[in-house]
Amino acid sequence: MQDKKIDLHVHSKYSDGLLSPAEIVDYAVKRNVSAISITDHDTAAGIESFVRAGNLAGIETVAGIELSVNFNNRELHLLGYCFDSKHPQIKSYSKTLKAAREERAEETVKLLNDLGFPVSMQQVLDISGTSPIGRPHIAEALVRGNFVFNIRDAFNKYLAEGKPAYVPKIVITPADAIQLIKNAGGLTFLAHPGTGSIEESEIRELSELGLDGLETIHPKHTNRDIRYLEELSAKYNLLQTGGSDCHGGREGGIILGTLSIPYSFLNAIKKLQIVGT
Ligand code: AMP
Ligand code: FE
Ligand code: FE
Ligand code: ZN
């Protein structure tokens, strides 16, 4: 029998993904994925409908969130799992961050206008809908105005860190993020460590702050990254997670469920969660 497959890093319409939670569950069924986690940026608003859709389809759902944190003067992402998505602290965090993202988007639009691109806040809001605004929504407005070739081009020329329309986000510290997830009963993992320049000493520091594990499997990780991160997990007694980081095809094809991530990762997460509660 083939091992059960999981995907614990997926973005929905509730942040900068293109698929609804129910559509994500449909893809999980089609691709034979046994368990899935929606990990929207700074919000758990999609979890309720996700769990409902998962129950109907017989797919195991894991509550998830991807939090942006500032660590040693750069942005890192932490994945929270298995927490109470209706916890008051999670709700108020999402609400504050949503308002901050709107202010940030207004600043970005002003910078783009100064650069000569007549995109408007209304266009950006039409694209983001009810979701917290992310740079991909602003990139989409630039694409629709024919000011760039595609989303990647928008980031490379204007929206990426260091480019002329980049505005930093308000972010919390790793300690606060880990505490927030812990308070809501969940576990915290460092997302895609292979995509930045993280030092071993920093992983040790994060684990001392209460980090539970590392995302070892991610589409941007090379086999070498994966092996190195596996070694670090063993050395610091950290769990592992993995996911496609699928955004519903915003940056290309729908990659949900295309990586082979073992169900044993989720078993270990669930065991630790039971011990912790
Ligand atoms: P934000 O949270 O508003 O700063 O937006 C971050 C999101 O933008 C990431 O999660 C990715 O979905 C997307 N993103 C970041 N950098 C790039 C890039 N170079 N090309 C395409 N998408 C990107
Ligand atoms: Fe994203
Ligand atoms: Fe991320
Ligand atoms: Zn992500």
Side-chain angles (χ1 to χ4, degrees), residues 7-19 24 36-46 62 64-70 74-81 93-94 96-109 111-112 119 121 124-125 127-129 131-143 148-172 177 188-196 214-221 241-256 259 261:
D7 188 337
L8 300 185
H9 190 161
V10 179
H11 293 271
S12 82
K13 269 187 185 171
Y14 284 87
S15 63
D16 56 355
L18 292 175
L19 301 173
I24 288 171
I36 199 143
S37 182
I38 288 185
T39 52
D40 279 311
H41 296 287
D42 301 318
T43 179
V62 177
I65 193 166
E66 186 172 18
L67 301 172
S68 300
V69 300
N70 188 305
R74 61 155 146 32
E75 187 180 317
L76 291 184
H77 291 171
L78 297 179
L79 294 164
Y81 292 131
Y93 177 78
S94 303
T96 311
L97 267 276
K98 189 171 189 227
R101 278 178 172 276
E102 198 156 322
E103 276 177 34
R104 173 193 188 220
E106 276 166 8
E107 281 179 51
T108 311
V109 164
L111 288 174
L112 288 169
V119 288
M121 195 58 195
V124 174
L125 285 167
I127 292 165
S128 64
S131 312
I133 307 170
R135 281 179 291 162
H137 300 123
I138 302 172
E140 181 69 35
L142 285 169
V143 173
V148 291
F149 298 117
N150 52 36
I151 301 274
R152 185 154 296 276
D153 192 35
F155 271 90
N156 289 344
K157 288 184 179 146
Y158 309 111
L159 299 173
E161 203 169 337
K163 301 297 170 185
Y166 174 73
V167 180
K169 243 183 326 199
I170 296 181
V171 284
I172 54 177
T188 316
F189 288 68
L190 178 60
H192 42 71
T195 61
L214 303 177
E215 184 179 44
T216 51
I217 304 183
H218 183 275
K220 289 192 177 148
H221 287 173
T241 184
S244 63
D245 208 352
C246 177
H247 284 71
R250 195 183 281 286
E251 300 109 337
I254 293 175
I255 55 173
L256 187 154
L259 297 175
I261 302 158

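Counting convention: from 1, in listed order, for ligands and their atoms alike.
Between the Fe ion (ligand 2) and the N, O or S atoms of His247, the shortest distance is to NE2.
Annotation: the span from Leu67 atom CG to Thr39 atom OG1 amounts to 10.5 Å, rounded to 0.5 Å.
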For residues 97-104, which side-chain N or O atoms pair as donor and acceptor with protein atoms under 3.5 Å away, sequence neighbours left out?
unit_1	atom_1	unit_2	atom_2	d
Lys98	NZ	Thr130	O	3.1
Arg101	NH1	Ile133	O	3.0
Arg101	NH2	Asp42	OD2	3.3
Arg104	NE	Val167	O	2.9
Arg104	NH2	Val167	O	3.3

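The Fe ion (ligand 2) has an N, O or S atom of Asp16 under 2.8 Å away, backbone or side chain. Here His41 meets the criterion, with an N, O or S atom under 2.8 Å of the Fe ion (ligand 2).
No side-chain donor from either of Tyr81 and Ser37 sits under 3.5 Å from a side-chain acceptor of the other.
Between His9 and His192, the two ring planes are parallel [angle under 30°; tilted spans 30° to 60°]. Between His41 and His11, the ring-plane angle classifies as parallel under the 30° and 60° cut-offs.
Across all non-hydrogen atoms, the minimal contact from Ala165 to Thr108 is O-CG2, 3.3 Å.
For His247, the side-chain hydrogen bond (donor to acceptor under 3.5 Å, both in side chains) partners two or more places apart in sequence, or in a different chain, are Asp16.
Taking a cut-off of 2.8 Å, the protein N, O or S atoms nearer than that to the Zn ion (ligand 4) are His9 NE2, His11 NE2, Glu66 OE1, Asp245 OD1.
Protein residues having a heavy atom under 4.0 Å from any atom of ligand 1 are Asp16, His41, Arg101, Arg104, Gly134, Arg135, Pro136, Phe155, Lys169, His247, Glu251, listed by chain and number.
The closest side-chain heavy-atom distance from Leu8 to Ile261 is not below 4.5 Å.
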Might you work through the side chain to side chain donor-acceptor pair (under 3.5 Å) test for His221 and Glu215, ending with a clear yes or no? CA-CA 10 Å; His221 287 173; Glu215 184 179 44; 5.8 Å; no
